[in-house]
*Asks:* 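Have a look at this one.
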Amino acid sequence: MEDCRLLLFDLDGTLLRSDKSISKRTLQALQKCREKGVFIGISTSRGAQNAAAFTEELQPEVLIVSGGALVKYQDKCIYKAAFSKEETKRIISAARRVAGAGCEITVDTESMHYWNYKTDPKEQDKSWGDSVYTDFADFAESALKICVEIFEDGQAKLLQDELKDCDCVRFSDGYWYKFTPKMVTKENAIREVCAALSISPKEIIAFGDDYADRGMLELCGMGIAMGNAVEEVKKEADLVIGGNDEDGIAAYLEHSFLA
């Protein structure tokens, strides 16, 4: 713990409680860590806009969004990897061909989050912010991340095989698959952060709960899984702490970092 320079947190299922809030106890613990000279960072699959409510509250020095496709340090972009407009169109077309013309899709650009949901996601979760509805028929923007809802494993495998030039990860809380440019992952984003801050991954403590966090937890000096994490993540983590609804992060920091 004495060598830690950066505390890095996934959002959903980790730093955020089930109601999509950060507890006051956790915010206080993080501020005390910052006062000890430790950077605070977010590493999330959410796009920049969908993470904005929490980054505004937390003011992290390091921000990794869209699964690693965009990396900022003190609000300055230090890394970006995006699909071209043509590649974005090709992936959307392939998704519709494989998973059905009506499959649900989301697209992160650098400034917006687009969706074609049958129901407005903001009615279910206000933290999704000002998402923009589109049918993607004439979509012509460069995407950082594309997510596709696919209910059949066979279809998911077909799409992954067709899009071999993409990095693909399934989320555990549904049937959503994330596609980013090849080698765009949270762990590779961390390498960009380390180069910018002149630190080692061994000086980072990372917290996560889902499949997309596995590489991040393995790379960093200490990888910590939440009590609510999927079993595969728990098995590979250095430590398992309390769940996201139990102030697991605050309890860990108070005991191991701030005592």
*Asks:* Less than 4.0 angstrom from a charged side-chain N to a carboxylate O is my criterion; do D247 and R17 meet it?
*Replies:*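 No, D247 and R17 are not salt-bridged.
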*Asks:* How long is the straight-line distance from CG of L15 back to OG of S43, given to the nearest 0.5 Å?
*Replies:*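 Going from the OG atom of S43 to the CG atom of L15 covers 11.5 Å.
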*Asks:* Applying the 4.5 Å side-chain criterion to the ILVMFWY set and letting contacts propagate, would V38 and L239 be lumped into a single cluster?
*Replies:*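 Linked, V38 and L239 end up in one cluster.
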*Asks:* Set out, in order, the CA-CA distance, both residues' side-chain angles and the distance that settles side-chain contact (heavy atoms from CB on, under 4.5 Å) for I22 and L16, then state yes or no.
*Replies:* CA-CA 5 Å; I22 305 175; L16 301 183; 3.6 Å; yes
*Asks:* Please tell me if the side chains of T88 and E141 come closer than 4.5 Å, counting only heavy atoms from C-beta onward.
*Replies:*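 Sidechains of E141 and T88: no contact.
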*Asks:* Of the non-hydrogen atoms in L7 and C4, which two are nearest, and what is the gap between them?
*Replies:* CD2-SG, 3.9 Å
*Asks:* When you check the side-chain N and O atoms of S66 and D108, is any donor under 3.5 Å from an acceptor?
*Replies:* yes
*Asks:* Looking at every non-hydrogen atom in both residues, tell me the closest pair between L258 and A29 and how far apart they are.
*Replies:* CD1-O, 3.7 Å
*Asks:* Not counting sequence neighbours, which residues clear salt bridge (charged side-chain N to carboxylate O under 4.0 Å, His left out) with K234? List them please.
*Replies:*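 For K234 the salt bridge (charged side-chain N to carboxylate O under 4.0 Å, His left out) partners, ignoring immediate neighbours, are E231.
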*Asks:* What pairs with D10 under side chain to side chain donor-acceptor pair (under 3.5 Å), at least two apart in sequence or on another chain?
*Replies:*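 D10 satisfies side chain to side chain donor-acceptor pair (under 3.5 Å) with T14, K186 once adjacent residues are dropped.
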*Asks:* Do any N or O atoms from the side chain of N228 and from the backbone of G13 form a donor-acceptor pair under 3.5 angstrom?
*Replies:* yes
*Asks:* First locate atom SG of C77, then atom NZ of K72, and finally report the distance between them rounded to the nearest 0.5 Å.
*Replies:* 7.0 Å
*Asks:* Ignoring hydrogens and angles, tell me if any N or O in the side chain of D245 forms a donor-acceptor pair with the backbone of S18 under 3.5 Å.
*Replies:* yes
*Asks:* Provide the full list of side chain to side chain donor-acceptor pair (under 3.5 Å) pairs with a residue in residues 191-206, sequence neighbours left out, each pair given once.
*Replies:* N188-R191
*Asks:* To the nearest 0.5 angstrom, please state how far the CD atom of E254 sits from the NZ atom of K32.
*Replies:* 7.0 Å
*Asks:* Is it the case that over 12 heavy atoms from other parts of the model lie below 6.0 angstrom from the CG atom of D161?
*Replies:*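 Correct, the count exceeds 12.
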*Asks:* Supply the atom-to-atom distance L159 CG to R96 CZ, rounded to the nearest 0.5 angstrom.
*Replies:*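 Reported to 0.5 Å precision, the distance equals 13.0 Å.
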*Asks:* Could you tell me whether the side chain of I249 reaches within less than 4.5 Å of the side chain of F9, counting heavy atoms only?
*Replies:* yes
*Asks:* When you group the ILVMFWY residues by side-chain heavy-atom contacts below 4.5 Å and let the links chain together, are M222 and V240 in the same group?
*Replies:* no
*Asks:* So do L27 and Q31 actually touch side chain to side chain, heavy atoms under 4.5 Å?
*Replies:* no
*Asks:* Does the side chain of F171 reach to within under 4.5 Å of the side chain of K178, using non-hydrogen atoms?
*Replies:* yes
*Asks:* Working to the nearest 0.5 angstrom, can you tell me the gap between M183 CE and T185 OG1?
*Replies:*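 Output value for this atom pair is 6.5 Å.
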*Asks:* Which heavy atom of T180 sits nearest a heavy atom of L144, and at what distance?
*Replies:* CG2-O, 3.8 Å
*Asks:* For D209 and N244, run side-chain contact (heavy atoms from CB on, under 4.5 Å): C-alpha distance rounded to whole Å, both residues' side-chain angles, the deciding distance at 0.1 Å, then the answer.
*Replies:* CA-CA 9 Å; D209 71 297; N244 65 322; over 6 Å; no
*Asks:* Should D153 and K157 count as an ion pair when the cut-off is N to O under 4.0 Å?
*Replies:*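 No.
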*Asks:* Answer whether the closest heavy-atom distance between the side chains of I40 and E61 falls below 4.5 Å.
*Replies:*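 I40 reaches E61 side chain to side chain.
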*Asks:* Find out if a path of hydrophobic residues (ILVMFWY) with successive side-chain heavy-atom gaps under 4.5 Å connects V107 to Y175.
*Replies:* no
*Asks:* Between D19 (side chain) and S21 (backbone), is there a donor-acceptor pair under 3.5 Å?
*Replies:*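 Yes, D19 side chain to S21 backbone: donor-acceptor pair under 3.5 Å.
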*Asks:* Would you sort out whether N116 and E104 count as a side-chain contact (heavy atoms from CB on, under 4.5 Å), showing the intermediate values?
*Replies:* CA-CA 6 Å; N116 68 341; E104 296 194 350; 4.0 Å; yes
*Asks:* Do you reckon F151 sits in the same ILVMFWY cluster as V148, going by side-chain contacts under 4.5 Å, direct or chained?
*Replies:*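 No.
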*Asks:* Does atom CD of E218 have more than 12 heavy-atom neighbours, drawn from other residues, nucleotides or ligands, at distances under 6.0 Å?
*Replies:* no
*Asks:* Looking at D75, I want to see if its CG is surrounded by more than 12 non-hydrogen atoms of other residues, nucleotides or ligands under 6.0 Å.
*Replies:*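 Not buried by this count: 12 neighbours or fewer within 6.0 Å.
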*Asks:* Measure across C103 and E149 and return the closest heavy-atom pair with its distance rounded to 0.1 Å.
*Replies:*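 Taking C103 first and E149 second, the nearest heavy atoms are CB-O, 4.0 Å.
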*Asks:* Are the aromatic rings of Y252 and F207 close, with centres under 6.0 Å apart?
*Replies:*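 When the ring centroids of Y252 and F207 are compared, they turn out to be within the sub-6.0 Å range.
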*Asks:* Other residues, nucleotides and ligands only: do more than 12 of their heavy atoms fall within 6.0 Å of CD on E35?
*Replies:* yes
*Asks:* Would the number of heavy atoms belonging to other residues, nucleotides or ligands and lying under 6.0 Å from NZ of K182 be above 12?
*Replies:*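 More than 12 within 6.0 Å, yes.
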*Asks:* Taking ring pair (Phe, Tyr, Trp, His ring centres under 6.0 Å) as the test, write out the residues that go with Y177, two or more places apart.
*Replies:*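 Applying ring pair (Phe, Tyr, Trp, His ring centres under 6.0 Å) to Y177 gives none.
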*Asks:* With a cutoff of under 4.5 Å between side-chain heavy atoms, which Ile, Leu, Val, Met, Phe, Trp and Tyr residues group with I78?
*Replies:* L6, L8, F39, V62, I64, V71, Y73, Y79, V169, V184, I190, V193, L197, I199, I204, Y211, M216, L217, L219, V230, V233
*Asks:* Listed by chain and number, what are the ring pair (Phe, Tyr, Trp, His ring centres under 6.0 Å) partners of Y114, not counting sequence neighbours?
*Replies:*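 Expected list: F139.
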*Asks:* Rounded to the nearest 0.5 Å, what separates atom CD1 in I224 from atom CG in L253?
*Replies:* 7.5 Å
*Asks:* Taking all heavy atoms of A237 and all of A225, pick out the closest pair and write down the distance.
*Replies:* CB-CB, 3.6 Å
*Asks:* Which heavy-atom pair separates C147 from W176 by the least distance, and what is that distance?
*Replies:*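 Looking at all heavy atoms of both residues, the closest pair is O-CZ3, 3.6 Å.
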*Asks:* Measure the shortest side-chain to side-chain distance between R90 and L163 over non-hydrogen atoms and say whether it is less than 4.5 angstrom.
*Replies:*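 When only atoms from C-beta onward are counted, L163 and R90 do touch, with a gap below 4.5 Å.
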